[in-house]
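The analysis underlying the following values was restricted to heavy atoms, covering all of them including side chains, and did not include hydrogens, waters or symmetry mates.
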Amino acid sequence: LNRHGVSNITFFTDSINRFTKMIQSLDIVTLVLILSSASLAFVVLYNLTNVNISERIREIATIKVLGFYDMEVSMYVYRENIIITVIGAFAGLFLGVGLHRFIMYNISVDGVMFGTDINLSSYFLALGLTLFFSVFVNLVMNGKLKKIAMVESLKSVE
């Protein structure tokens with residue numbers, strides 16, 4: 001620093017340590033976002049399935065009275081959920097690319113720019129987790145379908 005023309009000294013190890021701490025804090029934020037998204041996915045899918053079953057209880061009871069097996073009744077209701085989940089997952093993957101780029105450009109700070117490339121494995125992981133939650137909710141709601149009382153549901157006045 002005593003030399004003419006030298007105003008600042010930066011050690012690479014200090015820069016690397018600062019960058020490592022910053023990335024570690026981003027890992028925690030990412031984990032919180034993933035857990036929040038998973039909780040939201042479960043709640044939304046559960047509520048949609050619950051409303052779907054409640055609204056169609058007479059229709060489901062009629063199908064059960066006609067002699068459909070439990071698995072056939074379940075697939076009758078869950079087929080819609082699976083189709084909607086697949087459509088929503090692919091729409092989310094498509095829209096997520098733009099959102100990812102927007103976020104990465106806006107969080108860049110002096111001297112640090114994050115990449116906008118997304119690994120192919122991230123797409124498969126997101127799609128797999130979405131499908132997992134859909135199947136999990138369907139399994140949880142399967143008990144409600146089995147408990148539908150056929151005669152009482154058909155007697156009810158709407």
Side-chain angles (χ1 to χ4, degrees), residues 18-110 112-158:
R18 270 190 310 229
F19 182 75
T20 303
K21 286 180 184 179
M22 184 174 61
I23 293 299
Q24 287 173 347
S25 65
L26 283 177
D27 288 344
I28 293 170
V29 170
T30 303
L31 181 64
V32 168
L33 284 174
I34 290 170
L35 293 176
S36 300
S37 298
S39 300
L40 180 64
F42 178 78
V43 169
V44 168
L45 287 171
Y46 181 84
N47 285 333
L48 285 173
T49 305
N50 196 24
V51 167
N52 188 13
I53 291 171
S54 298
E55 291 290 323
R56 298 169 63 185
I57 198 159
R58 288 180 61 109
E59 182 182 341
I60 295 167
T62 303
I63 290 171
K64 289 178 92 171
V65 166
L66 290 174
F68 280 65
Y69 294 109
D70 285 338
M71 184 55 88
E72 292 172 320
V73 174
S74 297
M75 287 311 297
Y76 178 74
V77 173
Y78 299 145
R79 193 172 294 122
E80 293 175 11
N81 289 355
I82 293 168
I83 291 169
I84 290 170
T85 300
V86 169
I87 291 170
F90 282 110
L93 289 175
F94 177 72
L95 295 173
V97 172
L99 180 63
H100 176 260
R101 285 194 178 124
F102 174 76
I103 291 172
M104 289 298 115
Y105 284 129
N106 285 318
I107 66 169
S108 61
V109 292
D110 294 334
V112 178
M113 173 111 181
F114 296 100
T116 58
D117 295 335
I118 303 173
N119 292 335
L120 187 61
S121 62
S122 297
Y123 289 109
F124 290 120
L125 183 62
L127 186 63
L129 285 174
T130 303
L131 295 176
F132 168 77
F133 276 110
S134 178
V135 170
F136 181 69
V137 168
N138 287 345
L139 292 174
V140 169
M141 295 302 290
N142 200 30
K144 185 172 183 174
L145 280 176
K146 287 183 179 181
K147 291 180 184 176
I148 292 176
M150 296 179 274
V151 177
E152 287 79 15
S153 296
L154 292 174
K155 283 183 185 178
S156 67
V157 178
E158 293 183 8

Enquirer: Please enumerate all residues that pass salt bridge (charged side-chain N to carboxylate O under 4.0 Å, His left out) together with Arg79, with sequence neighbours excluded.
Expert: none
Enquirer: Mind listing the closest non-hydrogen atom pair of Met141 and Tyr78 along with its distance?
Expert: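 Looking at all heavy atoms of both residues, the shortest contact is C-OH, 3.0 Å.
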Enquirer: Got a list of side-chain donor-acceptor pairs under 3.5 Å for residues 21-31, not counting sequence neighbours?
Expert:
unit_1: Ser25; atom_1: OG; unit_2: Met22; atom_2: O; d: 2.7
unit_1: Thr30; atom_1: OG1; unit_2: Leu26; atom_2: O; d: 2.8

Enquirer: Taking Tyr76 for the side chain and Phe68 for the main chain, is one N or O donor matched with an acceptor at less than 3.5 Å?
Expert: no
Enquirer: Using a strict cut-off of less than 4.0 Å between a Lys/Arg side-chain nitrogen and an Asp/Glu carboxylate oxygen, indicate whether Arg56 and Glu80 qualify as a salt bridge.
Expert: yes
Enquirer: Is it the case that the ring center of Phe136 lies less than 6.0 angstrom away from the ring center of Phe42?
Expert: yes
Enquirer: Start with the C-alpha distance between Asp70 and Asn142, add both sets of side-chain angles, then the distance that settles side-chain contact (heavy atoms from CB on, under 4.5 Å), and finish with yes or no.
Expert: CA-CA 9 Å; Asp70 285 338; Asn142 200 30; over 6 Å; no
Enquirer: Any side-chain heavy atom of Val135 within less than 4.5 Å of one from Ile82?
Expert: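 Counting from C-beta outward, Val135 and Ile82 never come under 4.5 Å.
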Enquirer: With side-chain contact (heavy atoms from CB on, under 4.5 Å) as the criterion, how do Asn138 and Ser134 come out once you've worked through the C-alpha distance, each side chain's angles and the decisive distance to 0.1 Å?
Expert: CA-CA 6 Å; Asn138 287 345; Ser134 178; 4.1 Å; yes
Enquirer: Quick check for you: to the nearest 0.5 Å, what is the distance between Phe124 atom CZ and Leu93 atom CG?
Expert: 10.0 Å
Enquirer: Just grab all the salt bridge (charged side-chain N to carboxylate O under 4.0 Å, His left out) pairs involving residues 121-139, residues at least two apart or on different chains.
Expert: none
Enquirer: Determine whether Ile53 and Val77 make a side-chain contact, defined as any pair of heavy atoms from C-beta on separated by less than 4.5 Å.
Expert: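 Side-chain contact under 4.5 Å: yes.
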Enquirer: For the backbone of Ile118 and the side chain of Ser122, can you confirm whether one donor and one acceptor N or O come within less than 3.5 Å of each other?
Expert: no
Enquirer: For the atom pair CZ (Phe94) and OH (Tyr123), what is the distance rounded to the nearest 0.5 Å?
Expert: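 Those atoms lie 10.5 Å apart.
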Enquirer: Got a sec, which pairs hit salt bridge (charged side-chain N to carboxylate O under 4.0 Å, His left out) with one end in residues 84-98, sequence neighbours left out?
Expert: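 Salt bridge (charged side-chain N to carboxylate O under 4.0 Å, His left out) check on residues 84-98 returns no pairs.
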Enquirer: Under the side chain to side chain donor-acceptor pair (under 3.5 Å) rule, collect the residues that match up with Asn50, sequence neighbours excluded.
Expert: Lys144
Enquirer: Would you check if Phe133 and Thr85 make a side-chain contact, meaning some heavy-atom pair closer than 4.5 Å?
Expert: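 Not touching, per the 4.5 Å side-chain cut-off.
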Enquirer: So, Lys64 side chain and Leu145 main chain: donor-acceptor pair closer than 3.5 Å or not?
Expert: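 Yes, the answer is positive, given that a donor and an acceptor are paired below the 3.5 Å cut-off.
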Enquirer: Mind running side-chain contact (heavy atoms from CB on, under 4.5 Å) on Asn81 and Asn52 for me, showing each step along the way?
Expert: CA-CA 9 Å; Asn81 289 355; Asn52 188 13; 4.1 Å; yes
Enquirer: Determine yes or no for a side-chain-to-main-chain donor-acceptor pair under 3.5 angstrom, with Tyr105 supplying the side chain and His100 the backbone.
Expert: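 Checking the backbone N and O of His100 against the side chain of Tyr105, no donor-acceptor pair under 3.5 Å is found.
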Enquirer: Could you tell me which residues satisfy salt bridge (charged side-chain N to carboxylate O under 4.0 Å, His left out) with Glu72, sequence neighbours excluded, listed by chain and number?
Expert: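 Not a single residue meets the salt bridge (charged side-chain N to carboxylate O under 4.0 Å, His left out) criterion with Glu72.
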